[in-house]
Amino acid sequence: MHLTNTVLLELYSKMRQTREFEEMAVKLFAQGKVHGTAHFCIGEEAAGIGVGHALDQDDYILQTHRGHHQAIGKGINLNHMMAELLGKESGCCKGKGGSMHIADFSVGSLGANGIVGGGLPLSVGAALTQQYLGKNAVTVCFFGDGAANEGSFHESLNLASIWKLPVLFVCINNQYGMSTHISKSMNIDDISIRAASYNMKGLSLDGNDVVLVYKETLKAKEYVKKHGPMLMVLHTYRLLGHSKSDAQVYRAKEEVKSWRKKDPILLFRKYLLTEKKIPETVLKQLEDQAAQDILNALAFAESSPEPMAEKLFEDIFAD
Amino acid sequence: MHLTNTVLLELYSKMRQTREFEEMAVKLFAQGKVHGTAHFCIGEEAAGIGVGHALDQDDYILQTHRGHHQAIGKGINLNHMMAELLGKESGCCKGKGGSMHIADFSVGSLGANGIVGGGLPLSVGAALTQQYLGKNAVTVCFFGDGAANEGSFHESLNLASIWKLPVLFVCINNQYGMSTHISKSMNIDDISIRAASYNMKGLSLDGNDVVLVYKETLKAKEYVKKHGPMLMVLHTYRLLGHSKSDAQVYRAKEEVKSWRKKDPILLFRKYLLTEKKIPETVLKQLEDQAAQDILNALAFAESSPEPMAEKLFEDIFAD
Amino acid sequence: MREITYAEAIREAMSEEMRRDTGVLLLGEDIGTYGGAFGVSRGMIEEFGEKRIRETPISEAAIVGAAAGAAMTGLRPIVELMFSDFITLAMDQLVNQAAKNRYQFGGQGSVPMVVRAPSGSGKGAAAQHSQSIEAWCCHVPGLKVVVPSTPYDAKGLLKSSIRDNNPVVFFEQKLLYPVIGEVPEKEFSEDHLIPLGKADIKKEGADLSIITYGRMVHLSLAAAERLHSLGIKVEVVDLRTLVPLDSKTIIDSAKKTGKVLVVHEAVKTGGFGGELVSTIVDSEAFCSLTSPVKRLCGYDVPIPYNKNLEAYAVPTEESIYKTVLGMMQR
Amino acid sequence: MREITYAEAIREAMSEEMRRDTGVLLLGEDIGTYGGAFGVSRGMIEEFGEKRIRETPISEAAIVGAAAGAAMTGLRPIVELMFSDFITLAMDQLVNQAAKNRYQFGGQGSVPMVVRAPSGSGKGAAAQHSQSIEAWCCHVPGLKVVVPSTPYDAKGLLKSSIRDNNPVVFFEQKLLYPVIGEVPEKEFSEDHLIPLGKADIKKEGADLSIITYGRMVHLSLAAAERLHSLGIKVEVVDLRTLVPLDSKTIIDSAKKTGKVLVVHEAVKTGGFGGELVSTIVDSEAFCSLTSPVKRLCGYDVPIPYNKNLEAYAVPTEESIYKTVLGMMQR
Ligand SMILES: Cc1ncc(C[n+]2csc(CCOP(=O)(O)OP(=O)(O)O)c2C)c(N)n1
Ligand SMILES: Cc1ncc(C[n+]2csc(CCOP(=O)(O)OP(=O)(O)O)c2C)c(N)n1
Ligand SMILES: [Mg+2]
Ligand SMILES: [Mg+2]
């Protein structure tokens, strides 16, 4: 499969936007400008972007609490996501969701979930709708390695399997659930073997290789439309702590260091320069643009009003 | 492994007691003498008895809603179980549990469960106690093929695996969860392959062969004490309907008929007569005794008083 | 009007709405050929096929969650939970997902689904199959809660629930399934909609108000009948929906009679009765009250298996009768 | 007396009981080196090791169920659920197993376990991490329910809960963790037990009773202080345990003041406030009441993320103050 430079640069651009978004968010938290918490995906961008960018407008995604890259991959408006982080009326969830509940139905994001594993059953339902209505579309359900130990994982994969639903289960294995290394939460090395329990295809990939992730997602999309669900595990690493405050005493500095060398953005940049011969100036320009996009988003968010008190009572029920 | 005739006849005796108990229960329901419902294990006796009889006093079992054989296998007092079925004060649960909640802590039965899959997490806890206190004992958790699709199955097997607990998970695969054939509730033929998701040993056996089940349970007991949990699947068949009233329109009469030929009690009787050369008179005597045991149990139960109204308020809290 | 059972009324409501709207489908365990644990969906698979009468594995969290996901994307699923007690297994999907999604996403999407939940005691099914847990659901913003007492109400309320754009938990008391009652003739069936949030005064009276719902409506009416012959005129208010609650009807009734007895089968402590009492005593009805507002509810015990104990655990016609008498004699 | 935080009080209670009884152990996610999401168990793994501070996968149903199974067989597990909202995932094991086993087995076995559940809003964690769902647990016969407001109470009540032979759900309001308060000196620590089922009058007063618990106790006391300067003497009753409920103290207080305001953070509809109001109006206190019994509770909304909206969703010192004033002026 050959990827055009356009696509490659789109991927690079979204990865950079994600990184800039996250670094800005880290800063905002450090400055005490954001109430609440957020979970950063720095180091995991290839997974969210590689998958999300391979999807079509009609495809759905269910995001995780660590889902900024997933949202950007699927095409969320950065201004609206930043405004949401700041709890503003102009946020994609009108300031009611925050980072843990980023959603944008207009681009097919059915929302991030604060409940680990909570999105899995929902994804089965979204795919059921697609199948029921005969849509030529898929649902992607993101979840973490930790979530793979929730009962909802088991029930959802089984149900999707017997109904042959067009859902792609994407496990972003960043090695940790909070402070718990995967070796302490399960006795297997590779979560993709769990697919066999449902007679489902399982695939295990280097989640830091955005080109690989993108290509395999394109294939997987066609596969699940035809054959029903598939489990795709993307191996990556959470470079920062679990959430805004985490001293990370549970893991060795060396471990983090060694993964920093595998930073998916660095790897991809090198690939673009050396293998794809993209001039550095082109990349630099995209990088600057991404930084600017985030500054713009911040300006948008900061200049947006807080929701009025009476909004508290809105949208509890639909009419 | 050689089984003495004593053991073989104990197994036979318990199987016959179970069958007599169940047939009596069917009759009592038909006569309207019992309030509520019960789930019959006719055809599945080899599973419950083969496993239960292989256990020691200190071992625990967690039973299912269809657990009369499991209780008898573990050595429950028949009078108390019959009295419980009739809701009497002298019942093993003082008439408060009924068939779905048969329990006798004095013989290590920690209770039957009305929630499909509900016993799995409890069994992990019971085995945790055994490991924590350094007991040389195991916990057996019975559950059905249908229960293997509950989230609790997944979470419990995973937790038992990472803690290397001495628990033997016994799936009684009687082909149906209520009216739903296993082929409609999962996409795999053999539930034991799910053990791989937890790096656990899985074993699949003819659950109608009581000698096999008994022997393999003895081995499994030693295995789990040493290596941690194991999943044992016993293939059998539910010869009656799901519960007291079930027209069974969802399955072919021929299917039931063909399994009647594999009735574990008939098979075992033949084995005892032909391979083990046990005289028929000996078997006949055990059969009569089993029938008599159940008549005695019924007499005991019928002559026992109903619980007094004030018992309603007893045993909600322990002191 | 023709007479059918409560179970049939529910089946008719589902079938009519499924004919009317192809987005409506039914999910649950053994709802196909078997017809569901209580036979409610019997025959529906023949008409609607496996695509719309979708049998599931025993996976309550996934069933309710899948319904929520389908609802968010354009369908109108009905879930039959085999027993309302199994809400415990799907509580996250119901409470944290279905009920909150619209709100936490700032009004994006809606979750039009119905969870049908057979509830209550009386069948000898013991502690894990006999609970009345409607109060939990009432304590969750974003959920609507319905507990119909008659075939007429069951049908009209279920049709409204299916058309409602929000998650509705629809409690069906198991002992009511065989109860027979009038429903509109077939030709008026389609339009037989009862709005959520409107109580129904099942019997008018001036001396004392019984505020109740579900099966207890029947027992209250029977008790009221007996009390009538003693000259005591009891008003029986059937709430029909707990959320949204028709406070006005309750308060008006309390103002009229000055004496209120709240009756429900669910255990007393933490039950919805507390909400009803509070609604009254924090209203203008407070000044009209001539005696303490009483609750007659299930005792605070798990439901036992033994038939006598089970019957003793919850209010009966007799205990309602006696409680009213006691209140009137004071 | 020395002063420590609420979080430290809880840690001390656990550590002391673990030293005293080797059957006590702690189960939960990230409770080891990480010290738990709120740092409550920090340092405990160093003292007690991995055998007793047992980190688990993210499997709430299995964690709570395993605790129940261990409790039934002789241990005394404490579970730290990371957020009380996750009770939804373990609801079957808590409600259908832990709470009912002893009863449905006719008194066989007991289930001495504690589920510690950080609850409440105020941390910007939005709808799925900010709930106050104690009312659900109060509606389950077989469960005890504790919500301490101070380090002193938290310590004494947790020690009693660990020694109790029944399942106890112990709600810890997250905003209280850093709150500092007096607790007995180390040499009296061991015996610092507060019995479950005894309310504490945190402030005496003759004009109006606030019945409340948890964090709202502090806000009520602050409001009461301000009201005092207006000559209004508010009594603040801290329930401390909701089940068993100390009805006597509540009723006595209501009789004394004749005016009652019930305050809790949980959403109003279906909340435990209804139980409290009903307890009062169906008691001899009814005749002493001089005005409607009021509830001031969380609004019936999911907790939103935005800081201002979040704060607006639940009672504040100001809203308590104003509500009391309103009641007194009538
Ligand atoms: C049901 C539930 N349990 C626990 C938590 C607390 N929690 C939030 S994120 C997290 C770790 C999740 O790990 P994983 O699924 O691997 O995702 P990651 O954070 O690594 O992206 C935990 C335990 C939660 N939000 N929901
Ligand atoms: C959580 C839950 N869901 C559904 C039921 C209703 N139910 C009782 S038994 C049963 C079938 C269980 O199938 P299986 O686990 O194979 O056990 P079997 O009855 O075949 O012995 C069902 C669906 C239940 N009791 N609990
Ligand atoms: Mg992870
Ligand atoms: Mg089965």
Side-chain angles (χ1 to χ4, degrees), chain A residues 115-124 143-165 167 169 171 173 176-177 180-202 204 224 227-231 233, chain B residues 115-124 143-165 167 169 171 173 176-177 180-202 204 224 227-231 233:
Chain A
I115 301 295
V116 167
L120 286 146
L122 298 175
S123 74
V124 173
F143 60 100
D145 46 291
N149 297 320
E150 285 281 10
S152 62
F153 166 88
H154 179 64
E155 296 188 6
S156 301
L157 269 71
N158 187 57
L159 188 54
S161 168
I162 59 177
W163 285 352
K164 285 209 189 316
L165 298 177
V167 48
F169 295 103
C171 178
N173 172 16
Y176 288 89
T180 309
H181 189 260
I182 181 171
S183 62
K184 285 179 71 182
S185 72
M186 59 182 75
N187 263 340
I188 53 171
D189 298 324
D190 187 347
I191 295 170
S192 75
I193 70 161
R194 288 189 171 170
S197 284
Y198 319 102
N199 194 22
M200 194 185 286
K201 182 170 171 184
S204 200
V224 303
H227 306 289
M230 173 172 159
L231 171 61
V233 180
Chain B
I115 302 296
V116 168
L120 285 146
L122 299 175
S123 74
V124 173
F143 61 99
D145 47 292
N149 297 321
E150 284 280 11
S152 63
F153 166 88
H154 179 64
E155 296 189 5
S156 301
L157 268 70
N158 188 56
L159 189 54
S161 168
I162 60 175
W163 286 352
K164 287 209 184 319
L165 297 176
V167 47
F169 294 103
C171 178
N173 172 17
Y176 287 89
T180 309
H181 190 260
I182 181 170
S183 62
K184 285 180 68 183
S185 71
M186 58 181 79
N187 263 341
I188 53 172
D189 298 325
D190 186 348
I191 295 170
S192 75
I193 70 158
R194 290 189 170 171
S197 284
Y198 320 102
N199 194 21
M200 195 185 286
K201 184 171 170 181
S204 200
V224 304
H227 305 288
M230 174 173 158
L231 172 60
V233 180

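Per chain, numbering begins at 1; letters A, B, ... match sequence-line order. Just so we're clear, the structure is a prediction, and the values are computed from it rather than from any experiment.
Top candidate by heavy-atom pairs under 4.5 Å with chain B, chosen from A/Ser161, A/Ser156, A/Ala148, is A/Ser161. Among B/Met200, B/His154, B/Glu155, the residue making the largest number of heavy-atom pairs under 4.5 Å with chain A is B/His154.
Expressed to the nearest 0.5 Å, how far CD1 of A/Ile162 lies from CG of B/Asn149 amounts to 7.0 Å.
Closest of all the heavy-atom pairs between B/Ile193 and A/Ala196 is CD1-O, 3.4 Å. For B/Asn199 against A/Ile188, the heavy-atom pair with the smallest separation is N-CG2, 3.8 Å.
Proximity to chain B among residues 116-123 of chain A is not found for any residue, judged by heavy-atom separations below 4.5 angstrom.
Only the backbone of B/Ser185 comes within less than 4.5 Å of a heavy atom in chain A; its side chain stays farther off. Neither the backbone nor the side chain of B/Ala195 comes within less than 4.5 Å of any heavy atom in chain A. Interface remark: B/Asn158 contributes side-chain atoms only to the contact with chain A (heavy atom separation under 4.5 Å).
Residues satisfying the side chain to side chain contact (heavy atoms under 4.5 Å, CB included) criterion with A/Asp189, sequence neighbours excluded, are absent altogether.
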